[in-house]
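Input: a single structure, listed below in structure tokens.
Below, each value reflects all heavy atoms present in this structure, side chains not excepted, and no hydrogens, waters or symmetry copies. Along the sequence shown, residues are numbered consecutively beginning with 1. Treat the numbers as computed from the prediction; the structure is a model and nothing was measured.
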Amino acid sequence: MTLPIDPRQIDPEDIGEEQSTLEMSHEDAIEHVRDVFTDAGFGVPVEFSPSEMLNEKVDAGRDPYYVLGACNPGVADRALETTDNKLGALMACNVVIWEEEPGKQVVYHVSIMRVARLVGMAPDNEEMADIVADTGEFVDEAFANL
């Protein structure tokens with residue numbers, strides 16, 4: 001299978017990539033990120049630890065890794081409407097926290113709205129541009145407060 005685009009040519013800005021490092025324990029980072037994203041206008045309807053599951057199921061030996069599924073209900077509703085419900089396949093907007101080393105946590109996010117447009121799941125129109133801008137503002141606020 002040949003990819004329709006060369007992933008090496010994607011600018012991190014094209015996918016709304018954000019990353020920050022926190023100097024705290026993994027558990028404290030999870031709580032802090034959850035609080036900051038909630039304050040920025042997101043709910044967190046889904047969260048789980050892939051590392052715990054993988055370590056339990058396949059003895060993976062993974063360092064702590066946690067996923068917060070953040071969602072702004074108003075924007076999510078608009079995005080579902082604009083994409084004929086297709087964007088639901090990418091929801092929620094995940095924010096991941098992994099332990100780079102004890103006391104040092106990486107917080108990482110990419111914009112599902114930008115990715116959906118990039119791969120053709122979402123239209124390249126004014127409504128979707130507004131949705132991308134709105135979610136970008138929420139994410140920018142959250143990362144500014146990490």
Side-chain angles (χ1 to χ4, degrees), residues 3-83 85-122 124 127-146:
L3 294 174
I5 56 174
D6 182 351
R8 296 169 298 185
Q9 294 182 1
I10 296 173
D11 185 321
E13 190 174 302
D14 291 340
I15 58 171
E17 184 178 67
E18 297 284 346
Q19 184 170 318
S20 184
T21 302
L22 302 175
E23 302 287 334
M24 59 182 67
S25 74
H26 189 67
E27 294 76 21
D28 288 345
I30 292 167
E31 293 299 320
H32 180 65
V33 172
R34 185 187 301 112
D35 290 345
V36 166
F37 272 78
T38 299
D39 289 347
F42 290 95
V44 182
V46 178
E47 53 185 283
F48 62 100
S49 173
S51 59
E52 285 180 16
M53 187 254 320
L54 294 170
N55 291 345
E56 178 184 316
K57 301 289 184 187
V58 296
D59 197 26
R62 293 203 164 268
D63 291 332
Y65 189 98
Y66 203 81
V67 177
L68 295 172
C71 180
N72 177 285
V75 175
D77 184 53
R78 289 171 43 214
L80 285 172
E81 182 72 28
T82 301
T83 64
N85 293 320
K86 293 175 185 168
L87 195 72
L90 297 177
M91 287 183 170
C93 299
N94 290 331
V95 181
V96 297
I97 303 134
W98 69 79
E99 185 171 76
E100 190 164 280
E101 61 186 58
K104 187 175 183 180
Q105 315 306 315
V106 175
V107 181
Y108 182 79
H109 167 78
V110 296
S111 167
I112 65 168
M113 306 302 178
R114 289 177 181 259
V115 169
R117 253 191 2 192
L118 188 65
V119 300
M121 288 175 69
D124 188 13
E127 176 61 20
M128 196 64 202
D130 289 344
I131 291 169
V132 167
D134 290 347
T135 56
E137 288 175 15
F138 291 127
V139 171
D140 288 347
E141 178 182 337
F143 270 86
N145 290 313
L146 286 177

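At least one side-chain heavy atom of T83 sits under 4.5 Å from a side-chain heavy atom of M128. Considering only heavy atoms from C-beta on, N145 stays 4.5 Å or farther from D39 through its side chain. The side-chain heavy atoms of L22 and I97, taken from C-beta on, include no pair separated by under 4.5 Å. Proximity of V95 to F37: side-chain heavy atoms (C-beta onward) are separated by under 4.5 Å at one or more points. In this structure, H109 and C93 have side chains that are in contact, with non-hydrogen atoms separated by less than 4.5 Å. Residues E18 and V107 have side chains not in contact (no heavy-atom distance under 4.5 Å, counting atoms from C-beta outward). Looking at heavy atoms from C-beta onward, D130 lies in side-chain contact with R78 at the 4.5 angstrom threshold. Counting only heavy atoms from C-beta outward, the side chains of N72 and T135 never approach each other to under 4.5 Å.
Residues R117 and A129 come closest through the heavy atom pair NH1-CA, 3.5 Å. Nearest heavy-atom pair, A92 versus A70, reported as atom, atom and distance to 0.1 Å: CB-O, 3.4 Å. Closest heavy-atom contact between G69 and N94: CA-OD1, 3.5 Å. Heavy-atom minimum distance, S51 versus P64: OG-CA, 3.6 Å.
Going from atom NE2 of H26 over to atom CD of E31 covers 11.0 Å, rounded to the nearest 0.5 Å. M121 CE to N85 CG: the interatomic distance, rounded to the nearest 0.5 Å, is 10.5 Å. Rounded to the nearest 0.5 Å, atoms OG (S111) and CG (L118) are 10.5 Å apart. Taking OG1 from T82 and CE from M113, the interatomic distance works out to 9.0 Å, rounded to the nearest 0.5 Å.
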Could you go through the side-chain contact (heavy atoms from CB on, under 4.5 Å) check for E47 and R34 one step at a time? CA-CA 10 Å; E47 53 185 283; R34 185 187 301 112; 2.4 Å; yes
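Here D6 pairs with R8 under the side chain to side chain donor-acceptor pair (under 3.5 Å) rule; sequence neighbours left out. For K104, the salt bridge (Lys or Arg N to Asp or Glu O under 4.0 Å) partners two or more places apart in sequence, or in a different chain, are E100. In this structure, E27 has no salt bridge (Lys or Arg N to Asp or Glu O under 4.0 Å) partners at least two apart in sequence or on a different chain.
A donor-acceptor pair under 3.5 Å is formed between the side chain of Q105 and the backbone N or O of M24. The closest donor-acceptor contact from the side chain of D77 to the backbone of P73 lies at 3.5 Å or more, if one exists at all. In this structure, R114 contributes its side chain and E13 its backbone to a donor-acceptor pair below 3.5 Å. Using modelled atom types, one side-chain atom of H32 and one backbone atom of L146 make a donor-acceptor pair closer than 3.5 Å. The main-chain N or O of V67 is never found under 3.5 Å from a side-chain atom of S49 such that the two would form a donor-acceptor pair.
Ring-plane geometry between W98 and Y108 is classed as tilted, the angle between the planes lying from 30 to 60 degrees on a 0 to 90 degree scale. Between F42 and F138, the angle of the ring planes goes over 60°, which puts this pair in the perpendicular group of the 30/60° scheme.
By the 6.0 Å contact criterion, CD on E101 is enclosed, its count of non-hydrogen atoms from other residues, nucleotides or ligands being greater than 12. Within 6.0 Å of the CD atom in E81, the count of heavy atoms belonging to other residues, nucleotides or ligands does not exceed 12.
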